[in-house]
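Shown next, in structure tokens, is the structure this report addresses.
Numbering of residues begins at 1 and proceeds along the displayed sequence.
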Amino acid sequence: MSTSLANHFLIAMPAMADPVFDHSVIYVCEHHEEGSVGLVINQPTQYSLELVFKQLKIVSDFPEQNQYPLLFGGPIQQERGFVLHRPMGSWRSSLLLRDEVTVTTSNDIIRAMAINQGPKDVLVAMGFAAWAHDQLEKELLENQWLVCPFRPEILYDIPYMDRWKYAGQMLGVDMNILSTQSGSA
């Protein structure tokens, strides 16, 4: 492995072999010799943060916090939550991934969000995606993913449903005209 893809986005190609990742944009948290870990950042579930508040027996008097969507972060450990946010506060179990991205797995950040004292720019994802040694590299060679450099607006500003097309546009690719067929000349 020559270049780390950590802190990049993976954009699922139209011919993505795994339907779980159809039209996905994944923020790559880790990429090293042992494998890779990432979070899908554009697939809201039918659930909201209110479900997490109830499970943790937290009362929130802020309707906008209760309705904040939970994202499908990936197929692995979907009962586990990951909060991607701009660095602020001193949450337990936080890891600074880059200047504008921290991932927190402790519920103190959820408790702060319930009282509207959490980070302003935040995503809450349930589950994660992972690749074994060289698996992601193989999928890249099979044209299942495009790699997009980090852009904070993709993570925090662009509406979820527009992130796939927007990330492609950052590479000069119109995702609507890509073929679902793959091959070589």
Could you tell me the separation between the NZ atom of K120 and the CE atom of M113, rounded to the nearest 0.5 Å? 13.0 Å

Could you check whether atom CZ of F62 has more than 12 heavy atoms from other residues, nucleotides or ligands sitting under 6.0 Å from it? yes

Do V122 and V83 have side chains that get closer than 4.5 Å, going by heavy atoms? yes

Side-chain contact test, heavy atoms from C-beta onward, threshold under 4.5 Å: evaluate it for V101 versus F150 and give yes or no. yes

Evaluate the side-chain contact (heavy atoms from CB on, under 4.5 Å) criterion for residues L10 and F21: first the C-alpha distance (whole Å), next the side-chain angles of each, then the deciding distance (0.1 Å), finally the verdict. CA-CA 10 Å; L10 299 176; F21 296 112; over 6 Å; no

Would you compute the distance between atom CG of N7 and atom CD of E100 and round it to the nearest 0.5 angstrom? 11.0 Å

Does A6 offer a backbone N or O that forms a donor-acceptor pair with the side chain of H31 under 3.5 Å? no

In Å, rounded to the nearest 0.5 Å, how long is the span from OH of Y166 to CD1 of I154? 6.5 Å

Do T105 and R80 come close enough that some side-chain heavy atom pair is under 4.5 Å? yes

Over 12 foreign heavy atoms within 6.0 Å of CG, N116: yes

Between R92 and T104, the two heavy atoms sitting closest are O-CG2, 3.5 Å

So which atom in Y160 and which in I41 form the shortest heavy-atom distance, rounded to 0.1 Å? CD2-O, 3.6 Å

Between the CH2 atom in W164 and the NE2 atom in H23, the distance rounded to the nearest 0.5 Å is 3.5 Å

Does a side chain donor of either S24 or Q43 reach within less than 3.5 Å of an acceptor in the other side chain? yes

Beyond-backbone contact of F9 with L146, side-chain heavy atoms, under 4.5 angstrom: no

So do the side chains of Y156 and R86 get within less than 4.5 Å of each other, counting heavy atoms only? yes

Indicate the atoms forming the closest heavy-atom contact of M170 with E153, along with that distance. SD-OE2, 4.2 Å

Rounded to the nearest 0.5 Å, what separation is found between the CD1 atom of I110 and the CD1 atom of I115? 12.5 Å

H32 and S4: side-chain donor and acceptor closer than 3.5 Å? no

Hey, are Y68 and E50 close enough side-chain-wise for a donor-acceptor pair under 3.5 Å? no

Would a 4.5 Å heavy-atom cut-off, applied to side chains only, mark L155 and L84 as touching? yes

Under 3.5 Å: donor-acceptor pair, side chain of S60, backbone of A114: yes

